[in-house]
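Contents: one structure, followed by commentary.
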Amino acid sequence: MSIVTRFAPSPTGYLHIGGARTALFSWLLAKNQGGKFLLRVEDTDRERSTQEATDAIIEAMAWLDLAAEGTAVFQSQRFDLYNSYIDQLLASGHAYWCRCTPDEVEAMREKARAEGKKPKYDGRCREAGLVPGEGAQGCVVRFKTPQDGVTAFDDMVKGPTAVQNAEMDDMILRRSDGAPTYNLAVVVDDHDMGVTHVLRGDDHVANTPRQILLYKAFSWEVPKFGHVPMILGPDKAKLSKRHGALSVMEYKKMGYLPEALVNYLARLGWSHGDQEIFSREELVSMFSTNNLGNSPSVFDVKKLEWLNAHYIKEAAPERLAGLLPQYIAELPEIGAAAGLKLDPAHLSNIVPLLQPRAKTLVEMAEMSHLFLVDSAALAYDEKAVADHLKPEARALLTELLPIYEAASEKIDYTDHKALEAATQAFLDARELKFKAVAQPLRVALTGKTASPGLFETMCVLGKAESLARIKRALAL
RNA sequence: GUCCCCAUCGUCUAGCCUGGUCCAGGACGACGGCCUUUCACGCCGUUAACAGGGGUUCAAAUCCCCUUGGGGACGCCA
């Protein structure tokens, strides 16, 4: 039998790291079993749900390449369905009308709390047999939770779990404004959508027994549940805004590749022996809820960075070259400058030099800058110039100039080895070490003391630009 | 407050179910070295953990109990 999983975010904010991970796990579970992965937007709370948030979540899912089957289900469009099921529960005696006001219920909770008991609704309207006549505006519908017994289930990650029914109060199924509540809508939808496996955040464990009770009241088959532990910040508290970026799209902005985030998230709370790097295919074939950990884990940016560096090295230069312009444009001060050389072919030549050096695309954009400007616009680091462009060094560069200027048959700017050999020959003739020119040449070419290989850099810059830079440096 | 859950290097984790092969393995980080025209990459090495206490057992990271520490849930939010 084919399984069905789903991701059901509520559009009250962006897709955050924790949500992305549960979505990923649900997606992987479905794919591993050859089943379907569905998306449902839980927007029953019209006050807090927004279209922007819905769009943002869908955008983030797309960026992570977590495609859902068919079109997304929106709970806000299914109120009639929920209400018909609530009526069914009312008719079968599993639910009842309650006219207690929020204030009254709050008072009950206060009282229970004061007595050292669990705060809950006391069920006073339970047997009142209220019928929602004309004046039912202020009434809600509550579920008649069994007062005794235990509700148990075998959690896919936590194992056998059981809750005393007495711990639960009579949850509201239908609000006084006629809108269904979360627990009711979730159960109706999961059943209606044929969901067989529910993987969700740990914060939902308490809802699970309630939902199971609902399934039983409807005589529906109960799906398998699994609760994934939370993601913590470095201070071991629940990950939140103050720990920095929470939104998945923030990571895109910071220059992370989606496959790096996916790999990182997959390994956070899940493992497969000692393996750290997983392709998408491996993730799909190896994923199992059996290997999900059951303790919370701390989000570690350093490890994400390492994975990102790894995937940057592996990525096709053309792809990165295609992504780079948007990061270059965001560079403060310099990104929006006119005259930057951003043609794809040039960027594709630059990227390989930067791949082993950049941990993020933002870093890559920063490092690419020296290749994008004209010699006249290149910024020279003052200290670098002072330290490395001393008279002796200038003299050598001046002598080197004609060699680099030589006919293209002899010095080919598509072959950095030839340039190196020519330079070496020059030095050998004078019994000089390579170090004598390395840093001076680097500063002349890049304005900095750290850069990619000298001759690779010259090749990417091209003959005219390389010569122009050396000349400009000599004139400084 | 009440209920539930969790506990291996700083971090992610393997091992735990089916005790011995574990003076606990891998990875990130940190530190040191090698390579080297700089910076990186890469390679090599070092660092560092079974929360504590009781049991059970010939034997416990592995099983049981307690303590401590952490987290979560208690809404006409999801």
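Everything numeric in this text was worked out from a predicted model, so none of it was measured. These numbers come from the heavy atoms of this one structure, side chains and all, not from hydrogens, waters or symmetry mates. A, B, ... follow the sequence lines: proteins, then strands. Residue 1 opens every chain.
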Task: Distance, C1' atom - from B/rC44 to B/rU36, rounded to whole angstrom - done: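 Between the two C1' atoms, the distance is 16 Å.
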
TODO: Could you work out the separation of B/rG10 and B/rU56 based on their C1' atoms and round it to a whole Å?
DONE: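 Roughly 35 Å separates the two C1' atoms.
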
- [ ] Of all the heavy-atom pairs spanning A/Arg442 and A/Thr449, show the shortest one and how long it is.
- [x]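 The pair with the smallest heavy-atom distance is CD-O, 3.2 Å.
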
Nearest to the side chain of [X], heavy atoms from C-beta on, is which of [options]?
| X | options | value |
| --- | --- | --- |
| A/Lys313 | B/rG1, B/rA78, B/rG42 | B/rG42 |
| A/Ser297 | B/rU13, B/rA73, B/rA78 | B/rU13 |
| A/Trp306 | B/rG72, B/rA78, B/rA27 | B/rA27 |
| A/Arg48 | B/rU37, B/rC77, B/rG26 | B/rC77 |
| A/Pro102 | B/rG72, B/rG26, B/rC76 | B/rC76 |
| A/Glu276 | B/rG71, B/rC12, B/rG1 | B/rC12 |

With respect to the phosphate group of [N], does any side-chain polar atom (N or O) of [X] fall under 4.0 Å of OP1 or OP2?
| X | N | result |
| --- | --- | --- |
| A/Arg109 | B/rG75 | yes |
| A/Ser10 | B/rC77 | no |
| A/Lys117 | B/rC3 | no |
| A/Asn294 | B/rA7 | yes |

TODO: Would you kindly give the CG-to-C1' distance between A/Leu445 and B/rC39, to the nearest whole Å?
DONE: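 Taking CG of A/Leu445 and C1' of B/rC39, I get 15 Å after rounding.
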
TODO: Is it possible for you to check whether A/Arg40 lies under 6.0 Å from the centre of the six-membered ring of A/Phe7, through NZ or CZ, and within 45° of that ring's axis?
DONE: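 Verdict for A/Phe7: no cation-pi partner in A/Arg40.
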
- [ ] Give me the ring orientation class for A/His94 and A/Phe143: parallel if the planes are under 30° apart, tilted from 30 to 60°, perpendicular past 60°.
- [x]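 Parallel: the ring planes of A/His94 and A/Phe143 meet at under 30°.
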
Task: 5′-ward residue of the pair A/Pro9/A/Phe455 relative to RNA chain B - done: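 Of the two residues, A/Phe455 wins.
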
